[in-house]
A.B. asks: 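After the structure tokens below, expect a handful of questions from me.
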Amino acid sequence: MSASVPPGGFAAPKGIPEYVGPEFTTVRDTLIREADRAGYAHIELPVFEDTALYARGVGESTDVVSKEMYSFDDRGGRSVTLRPEGTAGVVRSVIEHGLDKGGLPVKLRYDGPFFRYERPQAGRFRQLQQVGVEAIGVDDPALDAEVLAVADAGFRALGLRGYRLEITSLGDATTRPQYRTELTRFLEKLDLDEATRERARINPLRVLDDKRPEVRAQLDGAPLMVDHLSDEAAAHHAAVKRHLDDLGVAYVENPWMVRGLDYYTKTTFEFVHDGLGSQSGIGGGGRYDGLMAELGGQALSGVGFGLGVDRTLLACRVEEAGHDAAGRVEVFGVPLGDAAKDRLVGIVGALRRAGIRADLAYGNRGLKGAMKAADRSGARFALVLGDRDLEAGEIQLKDLADGSQAAIALDGAAAAVDRALQDG
RNA sequence: GUGGGUGUAGCUCAGUUGGCAGAGCACUGGGUUGUGAUCCCAGGUGUCGCGGGUUCAAGUCCCGUCACUCACCCCA
């Protein structure tokens, strides 16, 4: 087969954003930094797993599993799936390597790309980037609060203000079946379209967060999970809120909130930003009591979150937050002629070895063009070198912010530049 | 998966009843042969998303198709 360049040239696959420059990396790393401070160890996970892991872990009835997975057979005939979320993979790894046989909780953090085959729109991508944490093995409301505080700290570290944390409790296995029956009975009496009726049959809770006004209107007076909690779940929920108050984490209760993944119990939450259009969730998560056992491990509880890096970056742009004005380099070399360039190549190398970010004007540009490039690089200083300076054994150090310029000795120029940067 | 909008220069976009393909920004060079961010001058680039059709003539009208985009659904 002879591959050809498509009309209009090659393009990235549909729905996949690409990020050039430091903006993305800064947002991602800042979001998860607090997890490191709270003792969560980094775990690097496979980008694809056995399809059955997600079918069983995330839940067959979820849209994510039933119609959004990138699944395919590998060359050995095994069905594998590009990971649509992080928790199932973390839990699988914990079980496989017996991490839950040591001290509990097991605290892990991860970051990277996830994949869902959806129709792209603002803030919704087929390859999405997330950071996340999981704390497995201890069912303690204080741990729920810690996880929430770690996520909140990530958003705050970026300077974001226009978001809110919504929380609720999805209860536990002792009362959820009764509640579900009651809700189903309520939904059966409503006038709903076929697709929604089907959804009500498969997962009635999902109907509660329908956005359509004609559906919303009918949901008035629907039974809510928070009114049907077991004593233990209610106590857990109250304790989480108390801890959040102590930690100074602001939240609002949203008893209508539902999660799209089946494994959540008790504490459930979502971070919502109002400046992003339709896809307003910038992070979410909660506690999962049954997942470890469901995937063949001990019956241990866990709690975690996933934060959307793509959407958080959009939020930063909306709020004009999170950007650092740091230039591409700190020092930029401007050579006049070949002899000067020979010498500057060495000086730039010495600067880099000293840990200073440095670049120079390549391509034998004119002085004006080279200065322009220096300006554009964002450098604090330009190093201008010509024949006249070489003869005098000097090099011109120009401060690009105020335009001042001074000659410094060519020998040991790198060290002198280092000192100038420290002073500045 | 469903519905709406948009595809013209690297970017943002104009392009009239069908009649030579345009502007601003950006980029490169020069004004100023040793000085950037201001100013002035000059320069270049287009499969007008793609494929058909109508016409003497299509960026413009018709059909198809693809892509992007927004919303529903769903979710980070």
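Letters A, B, ... are given to chains in the order of the sequence lines, protein chains preceding strands, and every chain is numbered from 1.
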A.B. asks: Let's test your reading of the pairing rules: Watson-Crick or G-U wobble, both distances under 3.5 Å, then write RNA chain B as a dot-bracket string with ( ), [ ], | and dots.
C.D. replies: (((((((..((((.....[..)))).(((((.......))))).....(((((..]....))))))))))))....
A.B. asks: Distance only, no hydrogens: is a donor on one side chain within 3.5 Å (strictly under) of an acceptor on the other, for A:Glu319 and A:Tyr163?
C.D. replies: no
A.B. asks: In whole Å, measure the gap between the P atoms of B:C50 and B:C68 for me.
C.D. replies: 16 Å
A.B. asks: Rounding to the closest angstrom, what is the interatomic distance between B:U6 and B:A76 at atom C1'?
C.D. replies: 27 Å
A.B. asks: Under 30°, 30 to 60°, or over 60°: which ring-plane class applies to A:Phe48 and A:Phe72, parallel, tilted or perpendicular?
C.D. replies: tilted
A.B. asks: Can you tell me, in whole Å, how much space there is between the C1' of B:G52 and that of B:G10?
C.D. replies: 31 Å
A.B. asks: Looking at A:Glu118 and A:Arg126, does any basic side-chain N land under 4.0 Å from a carboxylate oxygen?
C.D. replies: no
A.B. asks: Do we see a donor-acceptor contact under 3.5 Å between the side chains of A:Tyr19 and A:Asp310?
C.D. replies: yes
A.B. asks: Salt bridge check, A:Arg83 against A:Glu85: does any charged N sit closer than 4.0 Å to a carboxylate O?
C.D. replies: no
A.B. asks: P atom, B:G22 versus B:G43: distance in rounded Å?
C.D. replies: 14 Å
A.B. asks: Would you call A:Glu134 and A:Lys107 a salt bridge, using N to O less than 4.0 angstrom?
C.D. replies: no
A.B. asks: In whole Å, measure the gap between the P atoms of B:U55 and B:G24 for me.
C.D. replies: 39 Å
A.B. asks: Going by the rule ring pair (Phe, Tyr, Trp, His ring centres under 6.0 Å), which residues pair with A:His243 if we only count those two or more places apart in sequence or in a different chain?
C.D. replies: none
A.B. asks: Side chains of A:Gln129 and A:Arg28 only: does a donor on one sit below 3.5 Å from an acceptor on the other?
C.D. replies: no
A.B. asks: Using distance alone, with no hydrogens and no angle criterion, decide if A:Ser301 and A:Arg287 have a side-chain donor and acceptor under 3.5 Å apart.
C.D. replies: yes
A.B. asks: Under the side chain to side chain donor-acceptor pair (under 3.5 Å) test, which residues partner A:Arg33, sequence neighbours left out?
C.D. replies: none
A.B. asks: Which whole number of Å gives the distance between the C1' atom of B:A42 and that of B:U32?
C.D. replies: 16 Å
A.B. asks: Can you list, by residue number, the residues of residues 36-51 of chain A that have a non-hydrogen atom closer than 4.0 angstrom to RNA chain B?
C.D. replies: none
A.B. asks: Strictly under 4.0 angstrom, non-hydrogen atoms only: write out the protein contact profile of nucleotides 32-41 of chain B, one letter per nucleotide from the 5' end, B, S or -.
C.D. replies: --BBBS----
A.B. asks: Determine the interatomic distance between C1' on B:U8 and the same-named atom on B:G3; round to the nearest Å.
C.D. replies: 27 Å
A.B. asks: Mind checking whether A:Tyr70 and A:Tyr117 have parallel, tilted or perpendicular rings, split at 30° and 60°?
C.D. replies: perpendicular
A.B. asks: Under 4.5 Å between any side-chain heavy atoms of A:Gln218 and A:Leu192, yes or no?
C.D. replies: yes
A.B. asks: If a protein heavy atom is under 4.0 Å from the base, mark B; if only from the sugar-phosphate, S; if neither, -; do that for nucleotides 70-76 of chain B going 5' to 3'.
C.D. replies: SBBBBBB
A.B. asks: Give me the distance, rounded to whole Å, that separates B:C48 from B:A23 when you measure between the C1' atoms they each carry.
C.D. replies: 16 Å
A.B. asks: Find the distance A:Asp193:CG to B:G1:C1' and express it as a whole number of Å.
C.D. replies: 14 Å
A.B. asks: Hey, are A:Glu253 and A:His237 close enough side-chain-wise for a donor-acceptor pair under 3.5 Å?
C.D. replies: yes
A.B. asks: Do A:Gln396 and A:Asp389 pair up side chain to side chain, a donor and an acceptor below 3.5 Å, judged on atom types alone?
C.D. replies: yes
